[in-house]
There are 2 protein chains.
Amino acid sequence: MARKKSQTESSTETAETVRRAPMRDFSRSLPMSLLRAREAVMRQFRPSLRNHGLTEQQWRILRALTTVDAIEVTELARVAFLLGPSLSRILRDLEARQLIERRTAKADLRRAVVSISAKGLKLIEAVAPTSEAIYAEITSRYGARKLAELQDMLGVLERSLVAMEVAGEESGEIEE
Amino acid sequence: MARKKSQTESSTETAETVRRAPMRDFSRSLPMSLLRAREAVMRQFRPSLRNHGLTEQQWRILRALTTVDAIEVTELARVAFLLGPSLSRILRDLEARQLIERRTAKADLRRAVVSISAKGLKLIEAVAPTSEAIYAEITSRYGARKLAELQDMLGVLERSLVAMEVAGEESGEIEE
DNA sequence: GGCAGATGATTAACATGTTAAGTGAAATCG
DNA sequence: CGATTTCACTTAACATGTTAATCATCTGCC
């Protein structure tokens, strides 16, 4: 680190009143903390996934599909925590690669039902060992108990924020 | 919740051996927990930013610029936690909107130095009150002490993961 | 039965994430 | 001092995030 300034500072005078409100130091804001933590975690997994030709989101989808027999697209979006449009694009690609299978629900032609293919399962099984090893290493380094506690706290945070949203909608802003 | 299956299950036989390794329930994995928590937080801020014509990242950059007089692009990328290419594109846009100013370092023509403009400062000042109010509401709902503790834990996690990366490089994989 | 409104999914359009390649300038070394 | 390497930054190319619009089907109601 070490700022290493005073070398490109031959500036003139630029911003005058800048630096009025230091605010919350910014780099320590909650969104930044969460972003950096998540990035630090994912940086561990990405290389392995990449070696198997998978992105983080594609992995999430396949992973979610191994926990069910078949699932509708909307439900899958909820479980894998992806927005519809992203999921739509990714499913198109995964289907083309024959890692998943998709068919239309007989009772409701709007709905599509997705399931993982044998090829997809094989891929998952090829990646899983490394992923599990990395996860174990993280758990070991950070501490299993602490990790569980952290996840609890994140869950509580999430729920209190959802409650906050609801509170902000109960009246007023109906139409746009 | 509630699986609501047995309605689109008129399937034939699809996946056979599926559901072998439930793994870590998936939705409770650390990356997912962090992702959902962060999304829950950002969902609070996005509408306000959007009303002012700013994306989350643009806001991060302007916000970071208020804490310094001027800063080099690479340093800014580090502080705002953005990758070079993303930052490059966003700076191009912010400069076109005259929210920032950019000039070239005299001592090193490779380096660009960025600073916020008066217009940019005005925009920040217009958005800040709402942002601060939302942040205060979150703090209040979740608890200031708990929030500080959560951020501590996130910081520790981040640092232990950085240590993990280093440990995985000390020998071997030098060239690509 | 037929039509207005709701719903599931996709497409469109634009912004960012991510890795690789390109460009010009500076540092290093023979 | 000139070739090579390194460095700061930008472009390129592709994948995803995000919001709005579109499309087909469904549902409720008459």
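Residue numbers begin at 1 in each chain, while the letters A, B, ... track the order of the sequences.
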By a strict heavy-atom criterion of less than 4.0 Å, which residues belonging to residues 46-55 of chain A are in contact with DNA chain D? A:Thr55
Presence of donor-acceptor pair under 3.5 Å, side chain of B:Arg110 and base of D:dC7: yes
To the nearest Å, how far apart are A:Gln58 CD and D:dC14 P? 15 Å
Kindly write out the residues that satisfy side chain to side chain donor-acceptor pair (under 3.5 Å) with A:Ser117, not counting sequence neighbours, or none if the list is empty. none
The salt bridge (Lys or Arg N to Asp or Glu O under 4.0 Å) partners of A:Glu137 (sequence neighbours excluded) come to A:Arg141
N-O pairing of A:Glu39 and A:Arg43 below 4.0 Å: yes
Sequence neighbours left out, cut at 3.5 Å: what donor-acceptor pairs do the side chains of residues 81-93 of chain B make with other protein atoms?
from, atom 1, to, atom 2, distance (Å)
B:Ser86, OG, B:Arg89, NH2, 3.3
B:Asp93, OD2, B:Gln58, NE2, 3.4
B:Asp93, OD2, B:Arg97, NE, 3.2
B:Asp93, OD2, B:Arg97, NH2, 3.3

Assign A:Leu87 to base, sugar-phosphate, or nothing according to its heavy-atom contacts below 4.0 angstrom with the strands shown. nothing
By nearest heavy atom, map A:Val73 and A:Leu35 onto DNA chain C; which one lands nearer the 5' end? A:Val73
Quick one: A:Glu75 CD to C:dT7 P, roughly how many Å, whole number? 16 Å
Testing D:dT18, D:dA8, C:dA9 for proximity to the side chain of A:Leu83, the answer is D:dT18
Starting from C1' on D:dT16, measure out to CG on A:Leu94 and report it in whole angstrom. 13 Å
Describe the nucleic acid contact of A:Arg43 in one word from base, sugar-phosphate, nothing, applying a heavy-atom distance below 4.0 Å. nothing
Does D:dT10 have OP1 or OP2 under 4.0 Å away from a side-chain N or O of B:Arg102? yes
Consider the side chain of A:Leu109, meaning its heavy atoms from C-beta on, and name the nucleotide among D:dT25, C:dT11, C:dA9 that approaches it most closely. D:dT25
What is the distance from CG of A:Leu82 to P of D:dT18, rounded to the nearest Å? 10 Å
Side chain of B:Ile90, heavy atoms from C-beta onward: which of C:dT16, D:dT25, D:dT10 has the nearest atom to it? C:dT16
For atom CD1 of B:Ile61 and atom P of D:dC9, their distance in whole Å: 13 Å
At 4.0 Å (heavy atoms only), tell me whether B:Asp93 reaches a base, stays on the sugar-phosphate, or touches nothing. nothing
Whole angstrom is fine here: how far is it from CZ in A:Phe45 over to P in C:dT18? 15 Å
Taken in chain and number order and not counting sequence neighbours, the residues that satisfy side-chain contact (heavy atoms from CB on, under 4.5 Å) with B:Arg50 are none
Tell me whether the count of non-hydrogen atoms from other residues, nucleotides or ligands lying under 6.0 Å of CD in B:Glu95 goes above 12. yes
What's the closest nucleotide to the side chain of A:Gln57 if the choices are D:dG17, D:dT11, C:dA9? D:dG17
Return no unless some side-chain N or O of A:Ser86 is found under 4.0 Å from OP1 or OP2 of D:dT16. no
Separation of D:dA15 C1' from A:Leu91 CG (nearest whole Å): 14 Å
Partner residues of A:Arg159 under the salt bridge (Lys or Arg N to Asp or Glu O under 4.0 Å) criterion, sequence neighbours left out: none
Would you mind reading off the distance between B:Arg60 atom CZ and C:dG17 atom C1', rounded to a whole angstrom? 11 Å
Identify which nucleotide among C:dA9, D:dA20, C:dT19 has an atom closest to any side-chain atom of A:Pro85, counting heavy atoms from C-beta outward. D:dA20
Whether B:Glu75 and B:Arg78 form a salt bridge (side-chain N of Lys/Arg under 4.0 Å from carboxylate O of Asp/Glu) is what I want to check. yes
Which part of the nucleic acid, if any, lies within reach of B:Arg89 when heavy atoms closer than 4.0 Å are counted: base, sugar-phosphate only, or nothing? base
